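The structure appears below as structure tokens.
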Amino acid sequence: MAMAIFFKASSIPTLIFLLLLSCNLIIISDAQRPAPAPGLSYTFYQTTCPRLESIIRQNLQTVFASDIGQAAGLLRLHFHDCFVQGCDGSVLLDGSASGPSEKDAPPNLTLRAQAFAIIENLRRLVHNACNRTVSCSDITALAARDAVFLSGGPNYSIPLGRRDGLTFATRNATLANLPPPSANTTFLLNSLGQKGFTPTDVVALSGGHTIGISHCTSFTPRLYPSRDPTMDQTFFNNLRTTCPTANSTNTTFMDIRSPNVFDNKYYVDLMNRQTLFTSDQDLYTDSRTRTIVTNFAVNQTLFFDNFINAMIKMGQLSVLTGTQGEIRSNCSRINSNDLFMFPDMENDQDEKVASY
């Protein structure tokens with residue numbers, strides 16, 4: 001169903017002007033995409049696992065047909081993996097005697113349990129077809145890409161060849177590398193700038209919030225004890241109904257216009273002051289990123305193009321390749337923990353895991 005876009009009447013002339021202006025903006029061509037990091041390639045599995053991408057996409061089509069909400073969970077899992085210690089699948093690891101895992105750090109407690117199960121199921125399907133040739137980190141990256149495409153976003157290729165890490169990050173490292181919902185634009189630009197992202201990249205990656213839900217506790221400081229003045233009054237009133245107390249455990253959609261469709265309506269939400277997080281709304285409040293938000297709000301193609309560019313950059317953060325790391329036989333633990341697994345044990349478990 002098409003969703004209406006609501007702008008204040010006073011903003012319409014400006015928006016018409018910006019719409020005309022955006023038609024002249026230069027779109028990034030495929031030739032201008034970030035080059036693959038050393039060791040990665042767009043054809044990495046062409047010989048060893050030629051059906052890799054079709055296996056993942058076909059399985060996720062089935063998953064999303066019954067629960068499209070899982071798309072946001074898989075996209076977020078990839079974000080939380082890459083921003084902490086690089087795209088090495090470390091967020092997938094369970095804790096061990098050496099300490100709690102990244103999963104146990106506060107920013108990751110709301111990652112969907114189903115997302116981890118889906119990745120492991122994909123890993124089993126892929127390894128059954130191609131043996132242990134594909135890493136969990138590559139599977140996570142492909143699942144995030146398909147989560148975007150299968151929920152209405154752009155289809156694009158990503159470099160592959162990542163290896164899985166042998167360690168997970170500490171709680172402090174996880175906290176330091178995942179900006180909280182309360183972060184302002186200065187914090188975001190500084191934090192992500194250190195990882196090589198431009199302001200345009202930051203705004204584009206934030207567009208991932210066009211799908212998914214959030215727990216009330218992630219934004220109730222904007223509701224209690226009083227309304228954040230940057231929040232629309234009607235939107236505030238509705239959220240107070242959804243989150244009746246400051247410690248409410250309820251959830252709500254992050255994009256009120258098209259919550260299950262990957263599109264540019266998130267930026268329309270920003271312009272109407274109807275977003276949940278300070279880290280989102282401040283992108284429109286701050287003069288350094290306001291124009292980028294507006295351009296993406298009126299030009300979805302421009303948003304998609306820059307989102308692809310930023311996702312490819314993010315997907316190559318501190319990757320392990322070649323002889324680094326390993327290819328896990330179970331995404332939740334390093335291979336040295338599998339010493340007592342009998343040869344046929346994994347195949348016997350496939351049918352059980354397939355239903356997650």
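Everything numeric in this text was worked out from a predicted model, so none of it was measured. The figures here come from the full heavy-atom set of this structure, side chains too, leaving out hydrogens, waters and symmetry mates.
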Hey, are [Y] and [X] close enough side-chain-wise for a donor-acceptor pair under 3.5 Å?
{"X": "Asp263", "Y": "Thr210", "result": "yes"}
{"X": "Thr241", "Y": "Asn238", "result": "no"}
{"X": "Asp201", "Y": "Thr198", "result": "yes"}
{"X": "Asn190", "Y": "Gln194", "result": "no"}
{"X": "Arg227", "Y": "Gln233", "result": "yes"}
{"X": "Asp282", "Y": "Thr185", "result": "yes"}
{"X": "Ser157", "Y": "Arg145", "result": "no"}
{"X": "Asn108", "Y": "Glu102", "result": "no"}
{"X": "His209", "Y": "Asp280", "result": "yes"}
{"X": "Arg222", "Y": "Thr230", "result": "yes"}
{"X": "Arg257", "Y": "Gln274", "result": "yes"}
{"X": "Thr170", "Y": "Asn172", "result": "no"}
{"X": "Ser137", "Y": "Ser135", "result": "yes"}

Linking I/L/V/M/F/W/Y whenever any side-chain heavy atoms sit under 4.5 Å apart, do [X] and [Y] land together?
{"X": "Tyr266", "Y": "Val261", "result": "no"}
{"X": "Phe253", "Y": "Met271", "result": "no"}
{"X": "Phe304", "Y": "Leu150", "result": "yes"}
{"X": "Met311", "Y": "Leu40", "result": "no"}
{"X": "Leu178", "Y": "Leu175", "result": "no"}

Where at least one partner belongs to residues 309-329, residue pairs that pass ring pair (Phe, Tyr, Trp, His ring centres under 6.0 Å), sequence neighbours excluded: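 For residues 309-329, and leaving out neighbouring residues, there are no ring pair (Phe, Tyr, Trp, His ring centres under 6.0 Å) pairs at all.
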Pairwise distance [atom1]([X]) to [atom2]([Y]) - rounded to 0.5 angstrom:
{"X": "Cys136", "Y": "Glu326", "atom1": "SG", "atom2": "CD", "result": "9.0 Å"}
{"X": "Asn237", "Y": "Leu223", "atom1": "CG", "atom2": "CG", "result": "10.0 Å"}
{"X": "Phe262", "Y": "Asp255", "atom1": "CZ", "atom2": "CG", "result": "10.5 Å"}

Just wondering, are more than 12 heavy atoms of other shown residues or ligands nearer than 6.0 Å to CZ in Arg51?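 No, because the 6.0 Å sphere around CZ of Arg51 holds 12 heavy atoms or fewer from other groups.
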If you draw a 6.0 Å radius around CD in Gln46, do more than 12 non-hydrogen atoms from other residues or ligands fall strictly inside?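 Count not over threshold, so no.
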Do Asn295 and Tyr267 pass the side chain to side chain contact (heavy atoms under 4.5 Å, CB included) test, and can you show the C-alpha distance, the side-chain angles, and the key distance before you say yes or no? CA-CA 9 Å; Asn295 285 335; Tyr267 300 103; over 6 Å; no
Non-neighbouring partners of Phe168 that pass ring-ring contact (aromatic ring centres under 6.0 Å, His included), sequence neighbours left out: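 Once residues adjacent in sequence are excluded, Phe168 has no partner under the ring-ring contact (aromatic ring centres under 6.0 Å, His included) criterion.
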Do the charged groups of Asp94 and Lys103 touch, with an N to O distance under 4.0 Å?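 Yes.
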NZ/NE/NH1/NH2 to OD/OE distance under 4.0 Å, Arg124 and Glu120: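 Judged by the 4.0 Å cut-off on N to carboxylate O distance, Arg124 and Glu120 do form a salt bridge.
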